[in-house]
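Just so we're clear, the structure is a prediction, and the values are computed from it rather than from any experiment. Reminder, nothing fancy here: chain letters follow the sequence lines and each chain counts from 1.
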Amino acid sequence: MIDGKSERGDHPVERRKLRQWVLKITAYAERLLEGHKDLEWPESSIRLQKNWIGRSTGAEVQFRLEGHDEILCVYTTRPDTLFGATYMVLSPEHPLVDKLTLPEQLGDIENYKAEAAKKSDLERTDLAKDKTGVFTGSFAINPINGAKVPIWVADYVVMSYGTGAIMAVPAHDERDFEFATAMNIPIQQVIEDDAASAKNESTQLPFCGTGTMVNSDEYTGLSSSEGQAKVIANLESRDLGSASVQYKLRDWLFSRQRYWGEPFPVTWVSKQAYEKALAAEDSPFREFAPEEPITFEEEGEVRYALPVPANQLPLELPEVESYEPVGTGESPLAGVSDWLDVWLNVETGATLASTDAKPEGNQWVSGTRETNTMPQWAGSCWYYLRYCDPKNPNNVIDPKVSEYWGVPDIYIGGAEHVNLHLLYARFWHQVLFDAGVTTSPEPFPKLLHQGMILGEMEFTLYSGAEGNPVSSDTVENAKNFTQKSLSESEVEKVGDSWVLKENTAIKIDARSHKMSKSRGNAVNPDKLISSFGADATRLFLMFLGPIEDMKPWNTKGIEGVSRFLRRLWREVVTEEGQINSKLKDEHETNKALEKLLHETIKKVTEDIERLNFNTVVSQLMILLNQMVKVESYSKDTVRVFLQLLNPMAPHISEELWKRLDGTVSISDTPWPWFDESKLVADEVKIVLQVNGKHRGELMVSVDASKEDVEALALNQERVQNSIEGKTVRKVIYVPGRILNVVAI
RNA sequence: GCCUGGAUGGCGGAAUUGGUAGACGCGCCGGACUCAAAAUCCGGUUCCUUCGGGAGUGAGGGUUCGACCCCCUCUCCAGGUACCA
């Protein structure tokens with residue numbers, strides 16, 4: 001939406017009350033938080049969901065109203081600041097606003113409400129700079145000390161959180177402080193900042209932390225946390241409040257006013273029809289009927305939501321000529337009258353189009369189908385279960401099948417899904433778990449966010465109106481300058497910045513951008529595959545860097561992995577298509593190569609487990625480089641190499657495997673194992689340091705003692721030179737790694 | 001504003017437990033092969049250097065025999081989020 005108009009088509013946008021369906025995700029808020037502890041997810045993603053669910057603890061406090069019988073209930077996380085409540089605020093939509101508005105304030109309040117209604121939620125928060133509000137003329141009584149506090153209406157309080165009303169404590173809340181200052185409302189300090197007091201300073205208001213209570217009668221001197229408990233206890237004893245937990249999470253609006261999407265399996269009927277449908281013991285309607293009927297009033301008549309019985313499912317969308325809106329804000333389905341209006345048999349559930357004549361018998365009643373449809377989440381929240389049992393006509397998934405397959409081992413997806421899909425799917429899964437459909441409590445035990453691949457590095461030169469080049473660090477708004485993209489040969493790096501070669505005073509903007517159509521920097525994988533093959537393309541994507549990182553693309557880099565694969569091919573197959581004669585039938589005899597092979601098995605196995613694919617590729621390159629260097633090696637060594645490569649480059653590894661007399665497919669062979677004993681060398685390299693500085697290295701046998709190594713080290717010329725004229729104070733020896741001589 | 005990541009050669013990155021910083025690859029430089037090119041192979045490639053060394057992982061400080069790694073302060077970049085009482 002831009003300036004009150006839709007971005008597409010420029011239509012005016014307005015808010016309208018609509019009948020909607022919501023899923024009660026708030027009932028699972030606690031479960032969704034609780035479940036986090038068993039998830040192997042990035043810390044930051046768990047934190048994101050936690051913040052989104054937004055659990056807070058505090059108290060509901062009841063304020064009596066002067067001259068009214070109603071009670072004004074507010075939610076606060078800081079009952080310890082109750083003595084500092086110098087005014088109250090109602091959200092403009094709060095139901096008590098009209099009642100509390102005195103006649104002389106009526107005009108102002110009405111105007112203010114109208115203004116607030118015009119603003120979208122976004123605008124209301126966008127215009128957060130200056131606080132606005134209007135006094136109602138009424139007062140509330142503070143339950144803790146009987147003080148009379150004025151009641152205001154302001155849009156910085158929203159109806160959808162807590163009770164839609166607050167007690168305002170300007171001394172200890174930034175927003176209230178801002179508002180009170182603007183409206184000239186008294187500010188009463190009731191908490192002291194302990195850190196400031198310790199330094200003999202006075203508390204800087206607004207002070208929003210916890211501290212020591214002051215100006216609070218018998219509570220003065222208590223810590224915030226003690227005070228909170230005592231204030232709540234006091235209120236509870238007088239039935240004027242109670243401890244309370246609130247969530248930011250709202251119930252989930254699950255209906256859409258469009259054609260596409262699963263229609264809600266509900267028929268709206270009269271009260272008589274509804275009761276009749278549920279009366280019979282064996283009624284097919286009973287299975288899905290809610291405990292309390294769901295109703296709404298339409299043109300003075302109350303309509304009852306009768307669930308479509310199982311024998312009528314699935315309810316499918318009607319074939320229609322047009323998906324155009326009907327103009328009322330309802331779904332296009334509301335215009336498909338031969339689908340919309342039905343004759344319903346309240347005993348059997350049978351449903352006929354209303355274009356047919358009404359069948360005989362008083363068990364047939366008229367009904368109207370629900371026209372809202374479901375959002376795409378209706379499918380995306382459980383597909384991973386359904387994939388395991390896609391043809392099951394009776395259930396989402398057979399619980400036995402669910403138990404066999406379990407849930408996805410790992411979910412790889414963007415972080416933008418954390419507060420949408422991943423939260424929604426967890427909710428659905430928990431509901432299905434409670435219903436006994438699935439046997440695992442959580443759908444995605446392990447989560448990984450892959451990083452985005454950016455376009456190639458671009459060098460951009462900015463020029464002013466006269467075509468004069470401008471240094472990029474002086475450019476604040478790029479739109480005011482002409483941009484020219486430069487090739488790498490026109491720029492060079494000086495210090496930390498990229499500059500123009502011909503004028504090194506001009507800095508160049510050098511960065512990678514998101515791949516996008518508009519920028520034209522997208523890379524077509526089909527082209528890569530046709531030039532380099534699918535194996536090289538896969539391998540390069542993995543070689544680029546850590547999977548979670550955002551990385552710039554560099555098409556030239558694919559040459560490297562392509563060469564690696566071609567070199568491997570040449571190692572195994574000669575130009576004539578024969579197996580290379582350097583590959584021997586006997587077991588590996590080259591000790592050094594065998595050691596490297598086992599190191600590679602270990603590293604590849606562990607790195608795949610950790611999803612460190614880039615280092616898997618590096619390690620395989622190291623091994624191949626060594627194989628190329630030596631004169632000959634065993635076919636077994638190549639076979640293991642191919643097995644390790646197989647998950648990364650399945651085609652070439654399978655082909656070479658077959659050429660090495662592989663009878664079964666390489667992917668059916670067991671993963672190679674490494675022999676710990678093959679990893680230990682007879683000799684190890686010890687790095688020699690003097691005062692932490694590298695001063696040479698030494699090969700010693702693995703079981704050399706500290707004394708032996710020390711003696712050898714002190715014999716080295718470079719070591720001697722470094723300690724000349726100094727006294728050796730200490731020698732630190734890390735077996736197999738390092739010997740550090742500390743000399744002063 | 002707040003929260004979360006991150007910063008290492010010309011570039012992508014490696015260093016998994018505090019123990020040789022720059023693995024592996026790209027690019028670049030030099031050479032071999034070739035009539036030539038492609039392909040391939042060999043050598044070099046952090047910076048400075050008086051060739052002994054010295055400096056170096058965004059900046060500054062600290063802990064340690066030893067710090068890319070731990071602690072403090074700051075800068076920049078990326079992502080998320082915002083009247084939630």
Participant: Closer to the 5' end of RNA chain B via nearest nucleotide, is it A:Pro546 or A:Asn51?
Facilitator: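 In this pair, the answer is A:Asn51.
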Participant: With P as the reference atom in both, quote the distance from B:A78 to B:U8 in angstrom, rounded to an integer.
Facilitator: 14 Å
Participant: Between B:C11 and A:Lys556, counting only base atoms on the nucleotide and side-chain atoms on the residue, is there a donor-acceptor pair under 3.5 Å?
Facilitator: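 Donor-acceptor pair under 3.5 Å: no.
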Participant: Could you tell me how far apart A:Phe543 (CZ) and B:G27 (C1') are, to the nearest whole angstrom?
Facilitator: 13 Å
Participant: With rounding to the closest Å, how many angstrom separate the P atoms on B:C74 and B:A14?
Facilitator: 29 Å
Participant: Taking pairing as Watson-Crick or G-U wobble with both contacts under 3.5 Å, can you name the mate of B:G79, or confirm there isn't one?
Facilitator: B:C3
Participant: Give the nucleotide from the list B:G12, B:A85, B:A23 with an atom nearest to the side chain of A:Ile622.
Facilitator: B:A23
Participant: Could you check which of B:C83, B:A14, B:C65 has an atom nearest any side-chain atom of A:Asp155?
Facilitator: B:C83
Participant: Nearest whole Å is fine: how far is B:A85 P from A:Phe63 CZ?
Facilitator: 17 Å
Participant: Between B:C24 and B:G43, how far is it from one P atom to the other, in whole Å?
Facilitator: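 Rounded to whole Å, the distance is 12 Å.
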Participant: Tell me whether A:Lys507 at atom NZ has more than 12 heavy atoms from other residues, nucleotides or ligands lying less than 6.0 Å away.
Facilitator: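 Count not over threshold, so no.
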Participant: Which part of the nucleic acid, if any, lies within reach of A:Leu544 when heavy atoms closer than 4.0 Å are counted: base, sugar-phosphate only, or nothing?
Facilitator: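 Sugar-phosphate: the residue A:Leu544, judged by heavy atoms under 4.0 Å, touches backbone atoms but no base.
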Participant: Using a 4.0 Å heavy-atom cut-off across all strands, classify A:Ser56 as base, sugar-phosphate, or nothing.
Facilitator: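 Touches sugar-phosphate only.
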Participant: Tell me whether the side-chain N/O atoms of A:Arg570 come closer than 4.0 Å to OP1 or OP2 in B:C41.
Facilitator: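 Affirmative; the distance criterion is met.
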Participant: Mind checking A:Gln689 for me? I need base, sugar-phosphate or nothing, with any heavy atom below 4.0 Å counting as a touch.
Facilitator: base
Participant: Would you mind classifying the nucleic acid contact of A:Asn614 as base, sugar-phosphate or nothing, using non-hydrogen atoms under 4.0 angstrom?
Facilitator: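 Sugar-phosphate: the residue A:Asn614, judged by heavy atoms under 4.0 Å, touches backbone atoms but no base.
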Participant: Please report the distance, rounded to the nearest Å, between NZ in A:Lys693 and C1' in B:A67.
Facilitator: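 To the nearest whole Å, that distance equals 13 Å.
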Participant: A:Arg567 side chain N/O closer than 4.0 Å to the phosphate oxygens (OP1, OP2) of B:A39?
Facilitator: no
Participant: Checking all strands, does A:Arg55 fall into the base, sugar-phosphate, or nothing category for heavy-atom contacts under 4.0 angstrom?
Facilitator: nothing
Participant: Scan A:Glu174 against the nucleic acid and name what it touches under 4.0 Å (heavy atoms): base, sugar-phosphate only, or nothing.
Facilitator: nothing
Participant: Could you please name the partner base of B:G56, counting Watson-Crick and G-U wobble pairs only when both distances are under 3.5 Å?
Facilitator: none
Participant: Any Lys/Arg nitrogen of A:Glu571 or A:Lys582 sitting under 4.0 Å from an Asp/Glu carboxylate oxygen of the other?
Facilitator: yes
Participant: In this structure, is the centre-to-centre distance between the rings of A:Phe179 and A:Tyr87 below 6.0 Å?
Facilitator: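 Ring centres of A:Phe179 and A:Tyr87 closer than 6.0 Å.
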Participant: Please measure how far the P atom in B:A21 lies from the corresponding atom in B:U57, and state the result in whole Å.
Facilitator: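 Those two atoms are separated by 12 Å.
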Participant: Base, sugar-phosphate, or nothing for A:Arg729, non-hydrogen atoms under 4.0 angstrom?
Facilitator: nothing
Participant: Does the side chain of A:Cys208 reach to within under 4.5 Å of the side chain of A:Phe177, using non-hydrogen atoms?
Facilitator: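 No - every pair of side-chain heavy atoms lies 4.5 Å or more apart.
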Participant: Between A:Lys551 (NZ) and B:A7 (P), how many Å, whole number?
Facilitator: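 Computing the A:Lys551:NZ to B:A7:P distance gives 14 Å.
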Participant: Could you tell me how far apart A:Glu93 (CD) and B:C83 (C1') are, to the nearest whole angstrom?
Facilitator: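 Between C1' of B:C83 and CD of A:Glu93: 13 Å.
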Participant: For A:Asn625 and B:G25, is the shortest distance between a side-chain N/O and OP1 or OP2 below 4.0 Å?
Facilitator: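 Checking A:Asn625 against B:G25: at least one side-chain N or O falls below 4.0 Å of OP1 or OP2.
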Participant: Can you tell me the pairing partner of B:C69 across any strand shown, Watson-Crick or G-U wobble, with both distances under 3.5 angstrom?
Facilitator: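 None - no nucleotide pairs with B:C69, as no candidate has both distances under 3.5 Å.
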Participant: Looking for any heavy atom pair under 4.0 Å, which part of the strands does A:Lys685 touch: base, sugar-phosphate only, or nothing?
Facilitator: base
Participant: Got a sec, which residues hit salt bridge (charged side-chain N to carboxylate O under 4.0 Å, His left out) with A:Lys514, two or more places apart in sequence or on another chain?
Facilitator: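 Once residues adjacent in sequence are excluded, A:Lys514 has no partner under the salt bridge (charged side-chain N to carboxylate O under 4.0 Å, His left out) criterion.
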Participant: Return the nearest nucleotide to the side chain of A:His694; candidates are B:U20, B:C65, B:U40.
Facilitator: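 In terms of side-chain proximity for A:His694, the closest of B:U20, B:C65, B:U40 is B:U20.
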Participant: Kindly say whether the aromatic ring centers of A:Trp52 and A:Tyr247 come within a distance under 6.0 Å.
Facilitator: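 Judged by ring-centre distance (under 6.0 Å), A:Trp52 and A:Tyr247 do not meet the cut-off.
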Participant: B:G54 P sits how many Å from A:Asn691 CG, rounded?
Facilitator: 11 Å
Participant: For the P atoms, the ones on B:U17 and on B:C77, what distance do you get once it is rounded to whole angstrom?
Facilitator: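 Pairwise P distance, B:U17 against B:C77, rounds to 31 Å.
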Participant: With both distances kept under 3.5 Å, what pairs with B:G10, Watson-Crick or G-U wobble?
Facilitator: B:C26
Participant: Rounded to the nearest Å, what distance is computed from the CG atom of residue A:Asn554 to the P atom of nucleotide B:C28?
Facilitator: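 My rounded result for the distance is 11 Å.
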Participant: Under 4.0 Å between a side-chain N/O of A:Arg563 and OP1 or OP2 of B:G25, yes or no?
Facilitator: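 Result: no.
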Participant: Which nucleotide in the set B:A39, B:C83, B:A85 lies at the smallest distance from any side-chain heavy atom of A:Val158?
Facilitator: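 Within the option list, the nearest is B:A85.
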Participant: Quickly work out the A:His513 NE2 to B:G79 C1' distance and round it to whole Å.
Facilitator: 17 Å
Participant: Using a cut-off of less than 4.0 Å, is there contact between a side-chain N or O of A:Tyr75 and OP1 or OP2 of B:A85?
Facilitator: no
Participant: Measuring from the side chain of A:Met550 (C-beta onward, heavy atoms only), which nucleotide among B:A15, B:A78, B:G19 has the closest atom?
Facilitator: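 Of the candidates, B:A78 comes closest.
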Participant: If the C1' atom of B:C76 is compared with that of B:C26, how far apart are they to the nearest Å?
Facilitator: 27 Å
Participant: Not counting sequence neighbours, which residues clear side-chain hydrogen bond (donor to acceptor under 3.5 Å, both in side chains) with A:Arg55? List them please.
Facilitator: A:Glu30
Participant: In terms of side-chain geometry, is the basic nitrogen of A:Glu606 or A:Lys602 positioned less than 4.0 Å from the acidic oxygen of its partner?
Facilitator: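 Judged by the 4.0 Å cut-off on N to carboxylate O distance, A:Glu606 and A:Lys602 do form a salt bridge.
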Participant: Select one nucleotide: of B:G19, B:G12, B:U4, the one nearest the side-chain heavy atoms of A:Arg47.
Facilitator: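 Taking heavy atoms from C-beta onward, the closest nucleotide is B:U4.
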Participant: Rounding to the closest angstrom, what is the interatomic distance between B:G30 and B:A37 at atom P?
Facilitator: 14 Å
Participant: Counting any heavy atom closer than 4.0 Å, what does A:Val742 reach on the DNA or RNA strands: base, sugar-phosphate only, or nothing?
Facilitator: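 It contacts sugar-phosphate atoms only.
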Participant: Could you check A:Met167 against A:Gln619 and say which one's nearest nucleotide on RNA chain B is further toward the 5' end?
Facilitator: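 On the 5' side of the pair lies A:Gln619.
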Participant: How close do A:Leu679 and A:Glu599 get, counting heavy atoms only, and between which atoms?
Facilitator: CD2-N, 3.4 Å
Participant: Counting only Watson-Crick pairs (N1-N3 plus N6-O4 or O6-N4) and G-U wobbles (N1-O2, O6-N3), all under 3.5 Å, who is the partner of B:U40?
Facilitator: B:A32
